[in-house]
Amino acid sequence: MTGLFSEVFLSALLFGAVTAAIPLLLAGLGEQMSEKAGVLNIGIEGMMLAGAYLGFVGAFYSGSLWLGFLTGIAGGVAVAAIMALLCVRIGLNQIVIGIALTLGLEGLTALLHHFQFSRSYPRLPAADATVIPLLSDIPIVGPAFFKHHLIVYLAVALVFGMTYLYRRTQLGLNLQAAGDKPAALDVAGIDVMRTRTIAVLTTGAMAGLGGAYLANVGAGLFIPFITNGAGFLGIVLAMLARGRPVWVLFGALLFGVCLSLTTAMQVAGINIPTDVIQMLPFLAVMIMLVLFGRRASLPAALGIPYERGAR
Amino acid sequence: MSIDTAPTVSATSLDATSSAATRRDILRRLLMTLGPILVALVIAGCILLAVGVDPLAYYGYVLEKGLLSPLGIQQTLTRMAPLLFLAAGLIVAFRAGMWNLGGDGQFLLGAVTAAASAPVLVQILPAWLALVCSFLIAMAVAMIWSLVPALLRAYQGVNEIITTLMMTFLGTSLANVLVKLVFRDPGTTVPQTRTLPVEDRLPRLFDTTITSGLLLGLAAIIIVHLVMTRTAFGLKLRIVGANPRAAVHAGLGVPGLTIAVFAISAGLAGLAGAVDIIGVQGNVRADWNPAYGLAVIPAVFLARMNGFAAIGFVFLLSVLSIGGESAARRLGVPNHFTLVLVSIVLIVLALAEYVDHRYNQSRKA
């Protein structure tokens, strides 16, 4: 027992939880924005993969993690641009295009990886941590929460930025209206297409950054299908959070702890299939839903393409 | 949530009175399907060129192995069996406005229970009865698995996209746990279930290698199509899909119908798993997840939830996946290219439908 619950082990577990939670957090926040604006973004898994691949390529060839994050964001935005063009401007079915983009990016990134890296499997050096003075000296919690790469703190700050955006700004209100009653927004003189396009592109940027973090900091390398459902988890988180960014953070941490526990159990040599632990977060959420299940408060126009003058 | 119910009329083309008009309509539809596929092949070909593979050789292999060679077409038709069941299940759910995105979890649990029960049952029951029983068990397990999202949606109004997605993650893990811990074949080193002997599997059709599961799948999807379009029960489900509030006011028992929809949809997904195991695979290996559901969902949408059109799209998917697998092997391209090809085909088909729709609108105006 001493080995399992020692101080070092606990802080490593929590450190891993934060690392695992960041991609989910970014995906969840991104998806939340799309959904608020009325676009059910099922292509987010593909956006994360594009971000992971391009982020890794950028960081690998330039040697700079930050440049990697930028190329990752660019990758996510590029996929989101296709989604915005097809689903917002032209109004094609969001589920068809979303799944098609996810399938396509899964295939494309795996293909490119095969031709580029499958012989060498290059790795990035470990990311530099930004140590926060004083706070990082707290036992257990300090090394777990305050010794991460700078981008982690920025991602958490983004949660509060989002809350401010939704509560206090005109753009936040416009986004909400684009999802609840786009026709009213249109009458008020705001371009619905433009509002939704902004939302989808922002989602792409966040998902791309999440993917790049996953590959560059979380794993240090790119492997095919590296996101492994993180985008879909982001969709679940966004829907559970009912429009509140802080809930996405809590949800992401819950899933992060469970993901980290899986790795920790393997390291500790405990003989339970990892599948059992992987089930835990979903079980927890399902039980919560069964006990406290309330009517979902999804935007009224979610999934419906807007067409001016349509009845 | 948007529910696409309008196209049910256009798909049956009631207004085409003369046979010439019907023929022109069919020709146009054929053109609108084959044209986009050709365009998609050209786009995907450019990607192949970019990575240094001869696209003509690749497509040659796809056509030869997926469609033209006797062995290839038999494999393609065999692959169709589970996909048809999945598509049938999705048609019921989508027409009733329920987004059952948990098909893969239901599929895997059906597959695992079929794989666990069939080898045991064949030893105590006559072969045909054993297979029927394991089909029923697989169906029942998948139905029970869908009960939680169904009840939550029916009585609590919890959005089923979240719950079915979560249940599919849960189901995939649970299937693995079952294979590794409960139903593991002690005789093998790799974790997998007991293998059903080839002679006890679903019979093959005539002298071919095509599984008779294909006929079951075809029957399932046609029955589903007829029930949804020709019966009172189907009409009720479509009303629930079009406008749940109106359905309540029309006196329909919406919660009961919701549970029925989930049960049918999940049951068919469970049968898809069973037909793949009892017909083709014979056992379930740990971490086996073909993720058929993800490709079938857009195909069902493109077919506008029409059963007959869905058969066509499922055939196309099977040709691409069987042909792609073999082309990839021969040319040294990873099999992942098939995903890219399927994705481009889906997007271009969706675009073509939009162009067609706009063209029709401008002609009417």
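Keep in mind it's a predicted model, so treat the numbers as computed, not measured. Throughout, protein chains are lettered first and strands after them, A, B, ... in sequence-line order, and every chain is numbered starting at 1.
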Among the listed options B:Leu181, B:Val342, B:Leu341, the residue most often paired with chain A at heavy-atom distances under 4.5 Å
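Heavy-atom pairs under 4.5 Å are most numerous for B:Leu181.
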Pick from B:Thr338, B:Leu339, B:Val300: which one has the most heavy-atom pairs with chain A under 4.5 Å?
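The option with the most such pairs is B:Leu339.
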Please check if the number of heavy atoms outside [X] that lie under 6.0 Å from its [atom1] is greater than 12.
| X | atom1 | value |
| --- | --- | --- |
| A:Phe225 | CZ | yes |
| B:Tyr354 | OH | yes |
| B:Lys180 | NZ | yes |
| B:Arg358 | CZ | no |

Approximate separation, where rounding is to 0.5 Å, of [X] [atom1] and [Y] [atom2]:
| X | Y | atom1 | atom2 | result |
| --- | --- | --- | --- | --- |
| A:Met239 | B:Thr163 | CE | OG1 | 10.0 Å |
| B:Leu170 | A:Met286 | CG | CE | 7.0 Å |
| A:Leu302 | B:Ile161 | CG | CD1 | 7.0 Å |
| A:Asn93 | B:Glu353 | CG | CD | 9.0 Å |
| B:Leu346 | A:Leu103 | CG | CG | 7.0 Å |
| B:Leu294 | A:Glu45 | CG | CD | 9.0 Å |

Tell me the closest heavy-atom pair linking [X] and [Y], and the distance in Å.
| X | Y | answer |
| --- | --- | --- |
| B:Val340 | A:Gly104 | CG2-O, 3.8 Å |
| A:Met279 | B:Ser173 | CG-CB, 3.2 Å |
| A:Leu92 | B:Ala350 | CD2-O, 3.6 Å |
| A:Ile99 | B:Pro298 | CG2-CG, 3.7 Å |

So which of A:Leu233, A:Ile95, A:Ile97 has the largest heavy-atom pair count under 4.5 angstrom toward chain B?
A:Ile95
For [X], is it the side chain, the backbone, both or neither that has a heavy atom under 4.5 Å from a heavy atom of chain B?
| X | result |
| --- | --- |
| A:Leu108 | both |
| A:Ile42 | side chain |
| A:Ile90 | both |
| A:Ile82 | neither |

So for [X], is it side chain, backbone, both, or neither that comes closer than 4.5 Å to the heavy atoms of chain A?
| X | answer |
| --- | --- |
| B:Leu351 | both |
| B:Val51 | both |
| B:Leu174 | both |
| B:Leu151 | neither |

What class does the angle between the rings of A:Phe282 and B:Phe169 fall in, given that below 30° is parallel, 30 to 60° is tilted and above 60° is perpendicular?
parallel
